[in-house]
Amino acid sequence: ALVPSLAPPAAADDKAQRELYIGNLPLGTSAAMLQAVLNQAMAQRGLATGPGAPVINVWVSGENRFCFAEFRTVQDATNGLALNGTPFNGVQLRVGRPKGYVPPAGAPPPA
């Protein structure tokens, strides 16, 4: 059975705006570990747009060197850019927009 989420349902058409690239991962990083660290950092810095976990999914590359984190909302993802340089297991995470990022209609281009 599916577990209902407290977050509003995420629309597939804005997934590109809700994803961030995270690089410089230390070896052995699991998706669950990284999701917990990102959610904790978002909460500690007051970056989440509402209660609950702003990071709803993490996909780690096969080489374990980078991942893509999917956020609950476009604004949570934009706020998540502030996590660039966050210390994690002895390294600083690199956080940015994925290469295929297209800003939402009417939004300013990415900085």
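Only heavy atoms go into these numbers, but all of them, side chains included; no hydrogens, no water, no symmetry mates.
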Got a sec, which hydrophobics cluster with [X], joining ILVMFWY side chains under 4.5 Å apart, including via others?
| X | value |
| --- | --- |
| Leu27 | none |
| Phe68 | Tyr21, Trp59, Phe66 |
| Val74 | none |

Rounded distance [0.5 Å steps], CZ in Arg18 versus CD in Glu70: 4.5 Å
Given Phe88 and Asn24, is the side chain to side chain contact (heavy atoms under 4.5 Å, CB included) satisfied, shown in steps? CA-CA 10 Å; Phe88 176 61; Asn24 200 33; over 6 Å; no
Qualifying residues under side-chain hydrogen bond (donor to acceptor under 3.5 Å, both in side chains), relative to Arg65, sequence neighbours excluded: none
Pair listing, side chain to side chain donor-acceptor pair (under 3.5 Å) test, anchored in residues 76-88, at least two apart: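 Sorted result for residues 76-88: Arg45-Thr86, Thr49-Asp76, Arg72-Asp76, Thr73-Asp76, Gln75-Asn79, Thr78-Arg97.
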Within a strict 4.5 Å, meaning less than it, do heavy atoms of the [X] and [Y] side chains meet?
| X | Y | result |
| --- | --- | --- |
| Ile56 | Phe71 | no |
| Leu20 | Leu81 | yes |
| Leu25 | Leu93 | yes |

What are the two closest heavy atoms between Ala69 and Ile22, and how far apart are they?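 Closest pair (atom of Ala69, atom of Ile22, distance): CB-CD1, 3.7 Å.
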In terms of heavy-atom contacts, Pro26 and Val91 come closest through CD-CG2, 3.6 Å
Quiz: residues 30-43 side-chain donor-acceptor pairs under 3.5 angstrom, not counting sequence neighbours:
| from | atom 1 | to | atom 2 | distance (Å) |
| --- | --- | --- | --- | --- |
| Ser30 | OG | Met33 | N | 3.0 |
| Gln35 | NE2 | Val55 | O | 2.9 |
| Asn39 | OD1 | Val55 | N | 2.8 |
| Asn39 | ND2 | Gln35 | O | 3.3 |
| Asn39 | ND2 | Val55 | O | 3.3 |

